[in-house]
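As the structure lists them, so they are numbered: ligands from 1, and atoms in each ligand from 1.
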Amino acid sequence: MERAVPKLAIIIPCYNEELCIKNTVEQLLVVIGDLISKNKITSESYIYLIDDGSVDNTWNIIEELHKQNNKIKGTKFIRNFGNQKAIMAGLESVRDIGCDCVVSIDADLQQDEWAIEKFLDEYMKGAEIVLGIRNNRKTDSFFKKSTAIMFYKVMNLLGANIPMNHSDYRLVSKRTLDILSLYPEKLFFLRGFFHEVGLPTAYVNFDVKQRFAGTSKFNFSSLMGLALNGITSYSVIPLRFVAVLGFFMALISFIVGLETIYEKLVFHNSPNGWATNIIMLCAFGGIQLFCLGIIGEYVGQLYREVKSRPRYIKDIELK
Ligand code: UDP
Ligand code: MG
């Protein structure tokens, strides 16, 4: 399939990024200029910033940038909705404004922005989705590195085969955005979707840089939330695990019960087992609560989906 030179949109989620945003936009404008001069994208290509309810100067800077150059567009959320919602809003907004493909990148430019050219080459070859794969995790703390690896392992074990070392740096085509719009889910796990949707996908490796200013906006609980959402959105294996575990526990207690009756009838000795009793009681109690917790995660997911609250609310939009 021969593709026309695309109109590219670059979306950037920003949460309290006053220290980064100007520099990042300038740098991306250089990349866009370079790509236009090489005739890889059209001159209508643009940048779309999503201010995820920042409480610092981020929005003022975005407005200022928009005034100077109308290639810079953006929206402001009325409060903080989280990075996934910000990316979602970016994808939906650029679909409305119009583009042939869209790249999402972080405001701290930790991802190598020059890889966008390689993304476009893959797009021209026919890929609908191009996933950026980080070459290493040198910039991550030990804690983040190990929890991330654990996350991929668990996800893959549970059958949601999301690619290792891909975060939200990717290019997707207009066609992918059209398909995305058919998904009504409120709690969306983007990485799962792009993997599951089944469109031609390409991978591009890139180097990760240090954050050049500001601090990471993720903490343990937001990462945990992301991981749990990923699991409950894309796998019901934990629920089956609960059922299977329950079955085997029941089976074991049945066998132990039979053995006790046998001993009583044949040897006339009732086994004494006060300690065993207490241990079993605690073990069963713990296992039951753990299983209830797993089921609870899914009930929570249902609860939030059923209420169908808006994914995000825009306060202002600059087109
Ligand atoms: N971000 C966001 N909303 C949030 C948290 C983060 O839009 O609630 C944005 C943030 O501004 C950045 C991107 O998500 O553009 C990735 O965040 P960060 O660089 O802090 O994460 P890390 O690189 O440490 O994983
Ligand atoms: Mg970062």
J.: Among all protein heavy atoms, pick out the one at the shortest distance from atom 1 (N) of ligand 1; state its residue, atom name and that distance to 0.1 Å.
T.: N83 CB, 3.6 Å
J.: Is there a side-chain contact between Y234 and L158 in this structure, where contact means two heavy atoms from C-beta onward sitting under 4.5 Å apart?
T.: no
J.: Within the structure, is a non-hydrogen atom of K85 found at a distance of less than 4.0 Å from ligand 1?
T.: no
J.: I want to confirm something. Looking only at heavy atoms, which of Q110, Q111, R211 is nearest to atom 18 (P) of ligand 1?
T.: R211
J.: Name the option, out of N80, T58, L49, D51, that contains the heavy atom nearest to atom 8 (O) of ligand 1.
T.: N80
J.: For F212, does the CZ atom have more than 12 heavy-atom neighbours from other residues, nucleotides or ligands under 6.0 Å away?
T.: yes
J.: Tell me the contacting part of K217 for ligand 1: side chain, backbone, both, or neither, using a 4.0 Å heavy-atom threshold, strictly below.
T.: both
J.: Using a side-chain heavy atom cutoff under 4.5 Å and only I, L, V, M, F, W and Y, what cluster partners does L265 have?
T.: I261
J.: Sort by chain and number the protein N/O/S atoms found under 2.8 Å from the Mg ion (ligand 2).
T.: D108 OD2, Q110 OE1
J.: Looking at K144, which atoms of ligand 1 are within less than 4.0 Å of one of its heavy atoms?
T.: 22 (P), 24 (O), 25 (O)
J.: Assess the residue pair Y169 and F119 against the criterion (ring pair (Phe, Tyr, Trp, His ring centres under 6.0 Å)); give the C-alpha distance rounded to whole Å, side-chain angles, the decisive distance to 0.1 Å, and a yes or no.
T.: CA-CA 10 Å; Y169 187 31; F119 286 13; 4.8 Å; yes
J.: Side chain or backbone, does A107 bring an N or O within less than 3.5 Å of an N or O on ligand 1?
T.: yes
J.: Inspect the surroundings of NZ in K153 and state if more than 12 heavy atoms from other residues, nucleotides or ligands are less than 6.0 Å away.
T.: no
